[in-house]
Amino acid sequence: MSLFIYNSLTRSKEKFVPLTKGLVNMYVCGPTVYDFPHIGHAKSYISFDIVVRYLRYLGYHVRYVQNITDVGHLLDDGQDRMLKGAQREQRHPMELAEVYTRAYFEAMDALNVLRPDISPRATGHIPEQIELVHTLLEKGYAYVVNDSVYFDISQWPYYGKLSGRRVDDQQAGARLEINEEKRHPADFALWKKAEPQHIMQWNSPWGRGYPGWHVECSAMAMKYLGESLDIHGGGMENQFPHHECEIAQSEAATGTQFVKYWMHHNMVMVDSQKMSKSLGNFTSIQQALKRFSGAHIRFFILQTHYRSPVDFNDDSIAASSQGLQRLITTNKELLRALENARDETTAPEISDMCADYKARVENEMNDDFNTPAAIGQLFNFSRDINSYLSRDLSKGSVKMLLDHFTAHADVILGILPKDTAKAVSAEPFIDLLVRVRSDLREQKNWRMSDMLRGQLSELGVVVNDSKGGSSWSYKT
RNA sequence: GGCGGCAUAGCCAAGUGGUAAGGCCACGGUCUGCAAAACCGUGUUCACUGGUUCGAUUCCAGUUGCCGCCUCCA
């Protein structure tokens, strides 16, 4: 069974075949660093983290590029994002970018999202963007008006092939005012003339200005990944116009296909409503991390397919966290069993079961990264493992179970929480207390053992007794 | 006005032309000094109305409701 990816370009699931055997070049639209990252970013970058992880699991060498947008993009009210943030916080735009770039990576680390191989900044690639604009002008796909450069969609018959839109059906000025400079309302800016008060501006062949709203992605993607990429990812809301424009300007400039597989993830809602600052339900990742761990948020998001919308609410996350706890418990019990078990041989029924679950998980992941179904298989696997753990298992068998379980839960899905520094320092002492309590129980000193269990519980440690002895875990 | 998406049991959520994975919650049971964890058991139901079919939750048409996008919010 091979990997199939839903390609937005063809609106169908296609077998994944990279342009170069064994190599995958992948680009994902990164954040605009003018404010703290929100849970929409979490869904986006967790979704593509899964893509990267799974491709690597399959043995591909993946080069993953994700930009940092630190040049202004316009807001609904016509203001520049970076500019607005800089004014709000009385900072230089580059300071602002630095603060929120760090906040972004910290949030992603907490969610166990692997860092991209390259995180290029838009402001660090102004010459590349100017060069791309220059090429488009030379080839006749763009025109200059009043020191600004616009892409001429009348020269590009394929405009709309990604989003399925026909330019004439769109309502010009549905949201923003019509720009009178443009020959056609759908023409888009490649380079904009800067007004004197505009903080971020650069020299160009067309005068002082700043890059248009889509060129950075094309310029940086092609610089690091070549003219044709295997995968380009982003949110559905960027399908039009952002990605449509990326295709137009890139393919017009190079004359070759820009992206083979376009992937788009669905949106996040909060308490069944669109998340927006005006509704007051805007949730930053930093805020969410105060209520739930990164692993809980990640697991919750992965229990919905990336192309389905997810409704972010506390009750649902709490419910799914209960489920994650079962998987964490199984992992811990396997680690405990590994210490106690002897005999390196592996039981045939165990290796059969592991092979079976490996096939099942890969089967689900091969179907357009179906993480909810893969997690379903992981729960089945967990239940079977727990059944075996109540009997005697050889060390070889336990090791095989552990290898497979972590390959699925940790390597592919990344949902097992990393041990924190706090946990590492506290663990030996908790072990000690639990050992003392075991002695008390052997003496049938229930009063003291129950007191210890109660106190540990208040401190956030749950003790579980079983035939093989007592174990413990952190409360969630 | 145009383009696109979604509607599955109390809740969350996969999926299929042949009768619903998984998780949460709930209720029984096993185990346990008591618990917890774990394991076992309990779910007739896929928005509505037509159509195609031997058979549809799955395909087609219509209806209703919700959501995203239309010059740049992941």
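Naming: A, B, ... by sequence-line order, numbering from 1 per chain. When reading the values below, keep in mind they use all heavy atoms of this one structure, side chains included, and skip hydrogens, waters and symmetry mates.
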Do [X] and [Y] have side-chain atoms, one donor and one acceptor, less than 3.5 Å apart?
{"X": "A/Y104", "Y": "A/E106", "value": "no"}
{"X": "A/W191", "Y": "A/D147", "value": "no"}
{"X": "A/Y6", "Y": "A/E14", "value": "no"}
{"X": "A/S438", "Y": "A/E442", "value": "no"}

Write down the distance separating the [atom1] atoms in [N] and [M], rounded off to the nearest Å.
{"N": "B/G51", "M": "B/G10", "atom1": "P", "result": "28 Å"}
{"N": "B/G33", "M": "B/U42", "atom1": "P", "result": "28 Å"}
{"N": "B/C59", "M": "B/C46", "atom1": "P", "result": "15 Å"}
{"N": "B/G17", "M": "B/G23", "atom1": "C1'", "result": "28 Å"}
{"N": "B/A20", "M": "B/G43", "atom1": "C1'", "result": "10 Å"}
{"N": "B/U45", "M": "B/C11", "atom1": "P", "result": "14 Å"}
{"N": "B/G28", "M": "B/A36", "atom1": "P", "result": "13 Å"}
{"N": "B/G29", "M": "B/A21", "atom1": "P", "result": "27 Å"}

Next item on the list: Name the residue closer to the 5' end of RNA chain B, choosing between A/N266 and A/F188 according to the nucleotide with the nearest heavy atom.
Entry: A/N266
Margin query: I want to confirm an ordering. Mapping A/Q239 and A/G235 to their closest nucleotides on RNA chain B, which one lands closer to the 5' end?
Written below: A/Q239
Side chain of [X] (C-beta onward), nearest among [options]:
{"X": "A/P241", "options": "B/G4, B/C70, B/C67", "answer": "B/C70"}
{"X": "A/K182", "options": "B/A74, B/G15, B/U71", "answer": "B/U71"}
{"X": "A/D367", "options": "B/G15, B/C70, B/C39", "answer": "B/G15"}
{"X": "A/T32", "options": "B/C39, B/A74, B/C70", "answer": "B/A74"}
{"X": "A/E237", "options": "B/A38, B/U71, B/G68", "answer": "B/G68"}
{"X": "A/N370", "options": "B/C67, B/G15, B/C12", "answer": "B/G15"}
{"X": "A/S44", "options": "B/A74, B/A37, B/C39", "answer": "B/A74"}

Qualifying residues under side-chain contact (heavy atoms from CB on, under 4.5 Å), relative to [X], sequence neighbours excluded:
{"X": "A/E339", "value": "none"}
{"X": "A/T304", "value": "A/S308, A/V310"}
{"X": "A/A252", "value": "A/L136, A/Y141, A/F151, A/W156"}

So what's [N] paired with, Watson-Crick or G-U wobble, going by both distances under 3.5 Å?
{"N": "B/C69", "result": "B/G2"}
{"N": "B/U58", "result": "none"}
{"N": "B/A37", "result": "none"}
{"N": "B/A21", "result": "none"}
{"N": "B/U16", "result": "none"}
{"N": "B/U32", "result": "none"}

Please list each protein N or O that sits under 3.5 Å from an N or O in nucleotides 28-33 of chain B, with the distance.
| residue | atom | partner | partner atom | Å |
| --- | --- | --- | --- | --- |
| B/G33 | O6 | A/R441 | NE | 3.4 |
| B/G33 | N1 | A/D450 | OD1 | 3.2 |
| B/G33 | N2 | A/D450 | OD2 | 3.0 |

Item checked: Distance in angstrom units between A/I301 CD1 and B/C12 P, rounded -> 17 Å
Notebook entry, point to check: Quick one: A/F240 CZ to B/G68 C1', roughly how many Å, whole number?
Noted result: 14 Å
Item checked: Check: A/Y34 ring centroid to A/Y100 ring centroid under 6.0 Å -> no
Note to self: Aromatic contact between A/F188 and A/H214, with the criterion being ring centroids under 6.0 Å apart: yes or no?
What the structure shows: yes
Notebook entry, point to check: Hey, which of A/I415, A/I317, A/N313 is the one that makes side chain to side chain contact (heavy atoms under 4.5 Å, CB included) with A/F300?
Noted result: A/I317
SB check [X] [Y] (cutoff 4.0 Å):
{"X": "A/D410", "Y": "A/R53", "value": "no"}
{"X": "A/E364", "Y": "A/R360", "value": "no"}
{"X": "A/K13", "Y": "A/D368", "value": "no"}

Next item on the list: Taking only heavy atoms on the protein side, list every residue of residues 305-314 of chain A lying under 4.0 Å from any atom of RNA chain B, sorted numerically.
Entry: A/H305, A/S308
Could you list the protein-to-nucleotides 19-25 of chain B atom pairs, N/O on both sides, closer than 3.5 Å?
none

Next item on the list: Using atom types as modelled and distance alone, determine if a side-chain donor or acceptor of A/S148 lies under 3.5 Å from a backbone N or O of A/V144.
Entry: no
Margin query: What's A/S390 touching, base or sugar-phosphate or nothing? Going by heavy atoms closer than 4.0 Å.
Written below: nothing
